[in-house]
> 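My questions will all concern the structure given below.
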Amino acid sequence: MARPSLTEEQVNEVRQRLLLETGRLIARDGYAGFSMRRLGAAVEMTAGALYRYFPTKQHVLLAYFAAALTSLSQRLDAIDAAEPDPLRAVHRLALAYADFCLEDRDRFRLLFLENDQGQFQELSSDPILLHPYQLLRTRVQQAIVAGLLRPLPADTATQLVWAAVHGVISLSINVPEIDFGEVRPLADAAATMAIRGLANPSALPSLER
């Protein structure tokens, strides 16, 4: 008997379930330990059934990465649309990145700490890959043009702000021997200090409003 066809909504629901389990498996076993067989066992599906949703292991990994970046981009887009002040926008975007990372530390580790083997090279031409960075850079550039930030190259200033927040989160995850306390306030302080260091003194009240 032929298997009943699934609706698009049902297919998407199963895919989301598979991607969620993919993140858990890779966080536990690493990329090398991930396989379609293990994924199928975790969700009680046969390998053949999995192929209805993802043709290969690489398709699963690419979908996991793209879905996470799309989620990050959507929340940053919402902040960008709602915040007219460029300096405050930079601060809010940086903290939204911190929130994204801290709400799922396994996902953060997979996306930004362990992607060093070219696992997602196929995404290099996809605009979603650099959209979060480009959005932050655009608001940094606006702040520079408005005289709110010192006249540095936009990429330099953007990378300094991002690195401040990213560094706090990375250290808190990778160095468990040190008690970093509440990481979110620490990330907030790092972003604030980075922006203050880059700001023209007269622009600081804008950040504090």
Side-chain angles (χ1 to χ4, degrees), residues 1-78 95-133 162 165-184 186-187:
M1 182 181 297
R3 289 179 301 186
S5 60
L6 299 176
T7 65
E8 183 176 352
E9 181 179 359
Q10 289 173 321
V11 170
N12 287 334
E13 287 177 356
V14 176
R15 282 178 175 163
Q16 291 306 310
R17 179 186 170 205
L18 293 174
L19 294 179
L20 179 62
E21 193 60 41
T22 293
R24 291 173 179 165
L25 289 174
I26 297 177
R28 186 189 71 190
D29 304 327
Y31 288 111
F34 177 77
S35 68
M36 296 293 274
R37 180 181 61 81
R38 289 187 177 181
L39 176 59
V43 296
E44 299 181 339
M45 294 174 63
T46 65
L50 289 180
Y51 295 135
R52 299 179 70 183
Y53 307 98
F54 296 105
T56 67
K57 168 183 171 179
Q58 185 67 3
H59 282 86
V60 178
L61 295 176
L62 288 172
Y64 177 82
F65 197 45
L69 287 177
T70 297
S71 175
L72 175 59
S73 294
Q74 288 173 343
R75 67 178 67 188
L76 296 187
D77 283 337
L95 288 186
Y97 171 75
D99 291 336
F100 173 82
C101 298
L102 292 172
E103 72 188 18
D104 189 336
R105 299 189 182 201
D106 288 335
R107 179 180 61 188
F108 168 73
R109 184 183 294 106
L110 296 176
L111 295 180
F112 299 108
L113 301 183
E114 296 186 11
N115 181 26
D116 59 355
Q117 304 296 322
Q119 297 96 327
F120 305 115
Q121 187 62 35
E122 293 179 38
L123 276 177
S124 60
S125 60
D126 192 326
I128 195 64
L129 182 65
L130 291 178
H131 179 71
Y133 174 79
W162 185 14
V165 175
H166 183 86
V168 165
I169 297 169
S170 299
L171 286 172
S172 70
I173 292 175
N174 286 332
V175 190
E177 297 80 6
I178 297 177
D179 182 6
F180 285 88
E182 292 294 326
V183 181
R184 208 280 188 174
L186 191 60

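By convention here, the first residue in the shown sequence is residue 1.
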> State which residues pass salt bridge (Lys or Arg N to Asp or Glu O under 4.0 Å) with Arg24; sequence neighbours excluded, sorted by chain then number.
Glu21
> Do the rings of Tyr97 and Trp162 sit parallel, tilted or perpendicular, given the 30° and 60° boundaries?
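Correct class here is perpendicular.
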> Going by heavy atoms in the side chains, are Arg184 and Leu95 under 4.5 Å from each other?
yes
> Supply the atom-to-atom distance Phe100 CZ to Leu72 CG, rounded to the nearest 0.5 angstrom.
5.0 Å
> Rounded to the nearest 0.5 Å, what separates atom CD in Gln10 from atom CG in Asn12?
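Here the interatomic distance stands at 10.5 Å.
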> Which salt bridge (Lys or Arg N to Asp or Glu O under 4.0 Å) pairs, counting each pair once, include a residue from residues 36-48, with sequence neighbours left out?
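Passing the test, one end in residues 36-48: Asp29-Arg38.
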> With the side chain counted from C-beta on, respond yes when Val60 and Phe65 share a heavy-atom pair under 4.5 Å apart, and no when they do not.
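Not in contact.
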> Less than 4.5 Å apart, any side-chain heavy atom of Ile178 and any of Leu171?
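No; the side chains remain at least 4.5 Å from each other.
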> Could you give the distance from CG (Leu61) to CD (Gln58), rounded to the nearest 0.5 Å?
5.5 Å
> So which heavy atom on Leu19 is nearest to which on Tyr64, and how close?
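Taking Leu19 first and Tyr64 second, the nearest heavy atoms are O-CD1, 3.3 Å.
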> Take atom CD in Glu9; do more than 12 heavy atoms of anything else shown fall under 6.0 Å from it?
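No, because the 6.0 Å sphere around CD of Glu9 holds 12 heavy atoms or fewer from other groups.
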> For Tyr51, enumerate each residue passing the side chain to side chain contact (heavy atoms under 4.5 Å, CB included) test, keeping only those at least two apart in sequence or located in another chain.
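In terms of side chain to side chain contact (heavy atoms under 4.5 Å, CB included), with neighbours along the sequence ignored, Tyr51 is linked to Met36, Ala47.
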> Atom OG in Ser172, atom CZ in Phe180: separation rounded to 0.5 Å?
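Here the rounded value is 6.5 Å.
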> Between CZ of Arg15 and OG1 of Thr22, what distance do you get to the nearest 0.5 Å?
12.5 Å
> Quick check for you: to the nearest 0.5 Å, what is the distance between Ile173 atom CD1 and Arg105 atom CZ?
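It is 5.5 Å, given to the nearest 0.5 Å.
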> Decide side chain to side chain contact (heavy atoms under 4.5 Å, CB included) for Arg52 and Val14; before the verdict, give the C-alpha distance in whole Å, the side-chain angles of both, and the deciding distance to 0.1 Å.
CA-CA 10 Å; Arg52 299 179 70 183; Val14 176; over 6 Å; no
> Indicate whether any N or O donor in one side chain lies under 3.5 Å from an N or O acceptor in the other, for His59 and Tyr53.
no
> For Leu69, does its backbone N or O pair with a side-chain atom of Ser73 as donor and acceptor, under 3.5 Å?
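Indeed, once roles are kept as given, a pair shorter than 3.5 Å links the two residues.
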> Testing the basics here: between Val165 and Ala187, what is the closest heavy-atom pair and its distance to 0.1 Å?
CG2-O, 4.0 Å
> When you compare the side chain of Leu18 with that of Met45, does any pair of heavy atoms fall below 4.5 Å?
yes
> Closest approach of Ile169 and Ala98, non-hydrogen atoms and distance?
CD1-CA, 3.5 Å
